[in-house]
Number of protein chains: 2
Amino acid sequence: MTQEQQYSIGELSRLFDITARSIRFYEEQELLVPERQGQSRIYHLKDKVRLKLILRGKRLGFSLAEIKTLFDLYDTNLNSAPQLETMLAITEQKRAVLNQQLNDIQMLMIELDDVEARCKDELTELQRGNNL
Amino acid sequence: MTQEQQYSIGELSRLFDITARSIRFYEEQELLVPERQGQSRIYHLKDKVRLKLILRGKRLGFSLAEIKTLFDLYDTNLNSAPQLETMLAITEQKRAVLNQQLNDIQMLMIELDDVEARCKDELTELQRGNNL
DNA sequence: ACTCAGCTTTACGTTAACGTAAAGCTTAAG
DNA sequence: CTTAAGCTTTACGTTAACGTAAAGCTGAGT
């Protein structure tokens with residue numbers, strides 16, 4: 001028997017280094033639907049995975065609303081052609097955004113390289129000056 | 001003589017598809033310091049470049065405050081060793097963030113691939129059903 | 001002289017994503 | 001029994017990044 005892992009809200013918040021308030025907020029926004037035992041929330045593996053996805057999405061600049069629509073689409077029984085087409089359209093759009101970000105990151109990296117190189121040059125210059 | 005390109009605020013806003021309000025706001029936050037001719041703002045190439053950088057930073061989830069500190073550092077005469085060290089530390093930190101984002105993007109791309117594949121499978125399934 | 005487009009400042013409004021405080025339940029430890 | 005830790009709900013506060021009027025200046029065209 002594989003015992004399924006369970007988490008309290010405090011455990012989850014420590015795991016992901018966020019506040020319990022945030023987790024409750026995500027639930028309020030219907031991004032999480034934890035089980036209840038008495039008054040307390042109980043999170044299972046799937047909730048943990050969801051939370052991970054939420055945070056990843058946030059790091060990429062997605063709003064909670066956007067993340068929710070993706071979740072909803074993912075959860076939906078995609079049984080009609082129009083729904084599937086919609087889903088494909090959205091994933092394509094997200095893909096475009098991600099590609100744009102990839103581009104942006106590459107550009108920024110190059111600029112960081114440049115800044116770094118200049119800094120190091122200046123540092124060695126200063127060193128030389130001190131040694132004379 | 002290379003005539004330097006000039007832009008009004010309206011031209012810039014159309015160029016980058018943002019509102020003039022945003023551009024003025026960036027100035028208010030000291031991210032831009034356009035020249036003035038009478039009451040009107042005039043933007044040169046360097047301002048345009050700055051704006052491009054601002055928007056790129058935003059797409060990567062940087063706050064205007066963060067972007068400003070980067071600009072400030074870039075503009076500063078980095079003439080003391082401590083300043084240079086600070087700059088290097090910051091660029092390293094930004095680099096870490098960007099690497100994290102790269103990772104996130106790759107993960108998300110893979111999941112998008114998965115979702116897409118499933119959608120297309122379902123679509124062909126529906127097609128088959130219709131053709132019988 | 002008048003209008004109109006485009007610019008200006010000033011100022012209040014708005015939204016997202018929480019922070020923070022207050023007040024109360026609940027369960028294990030002393 | 002009573003702390004204490006950890007959970008709960010309710011509710012008001014906060015910050016960033018603008019949106020959206022309102023009211024006025026200004027140069028080109030008719």
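All values below were derived from every heavy atom in this structure, side-chain atoms included, with hydrogens, water molecules and symmetry-related copies excluded. Throughout, protein chains are lettered first and strands after them, A, B, ... in sequence-line order, and every chain is numbered starting at 1.
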Any heavy-atom pair between the side chains of A:Lys52 and A:Phe16 that's under 4.5 Å?
yes
Are A:Gln29 and A:Ile67 close enough that some pair of their side-chain heavy atoms sits under 4.5 Å apart?
no
Cationic N near anionic O, under 4.0 Å, B:Glu111 to A:Lys94
no
When you check the gap from the basic side-chain N to the acidic O, do B:Glu27 and B:Arg24 get nearer than 4.0 Å?
no
Whole-Å distance between [N] [atom2] and [X] [atom1]?
X: A:Leu55; N: C:dA17; atom1: CG; atom2: C1'; result: 13 Å
X: A:Ile23; N: C:dG19; atom1: CD1; atom2: C1'; result: 15 Å
X: B:Leu12; N: C:dT8; atom1: CG; atom2: C1'; result: 16 Å
X: B:Ile9; N: D:dC25; atom1: CD1; atom2: C1'; result: 16 Å
X: A:Tyr43; N: D:dG6; atom1: OH; atom2: C1'; result: 13 Å
X: A:Ile42; N: D:dT8; atom1: CD1; atom2: P; result: 10 Å
X: A:Asp17; N: C:dC18; atom1: CG; atom2: P; result: 13 Å
X: A:Glu30; N: C:dA17; atom1: CD; atom2: P; result: 14 Å

Base D:dT20 paired with B:Arg21 side chain (donor-acceptor, <3.5 Å):
yes
Which donor-acceptor pairs under 3.5 Å do the side chains of residues 102-110 of chain A make with protein atoms, sequence neighbours left out?
residue, atom, partner, partner atom, Å
A:Asp104, OD1, B:Arg59, NH2, 2.8
A:Asp104, OD2, B:Arg59, NE, 2.6
A:Asp104, OD2, B:Arg59, NH2, 3.3

Which of the following nucleotides, [options], is nearest to the side chain of [X]?
X: B:Ser63; options: D:dA17, C:dT8, C:dA17; value: D:dA17
X: A:Phe25; options: C:dA17, D:dT8, D:dA17; value: C:dA17
X: B:Gln39; options: C:dG6, D:dA17, C:dG19; value: C:dG6

Counting only side-chain nitrogens and oxygens, does [X] get under 4.0 Å of the OP1 or OP2 atom of [N]?
X: A:Tyr26; N: C:dC18; result: yes
X: A:Arg41; N: D:dC7; result: no
X: A:Ser22; N: C:dG19; result: yes
X: A:Lys58; N: C:dA16; result: no
X: A:Thr19; N: C:dG19; result: yes

By nearest-nucleotide position on DNA chain C, the 5'-leaning member of B:Glu28 and B:Gly10 is B:Gly10
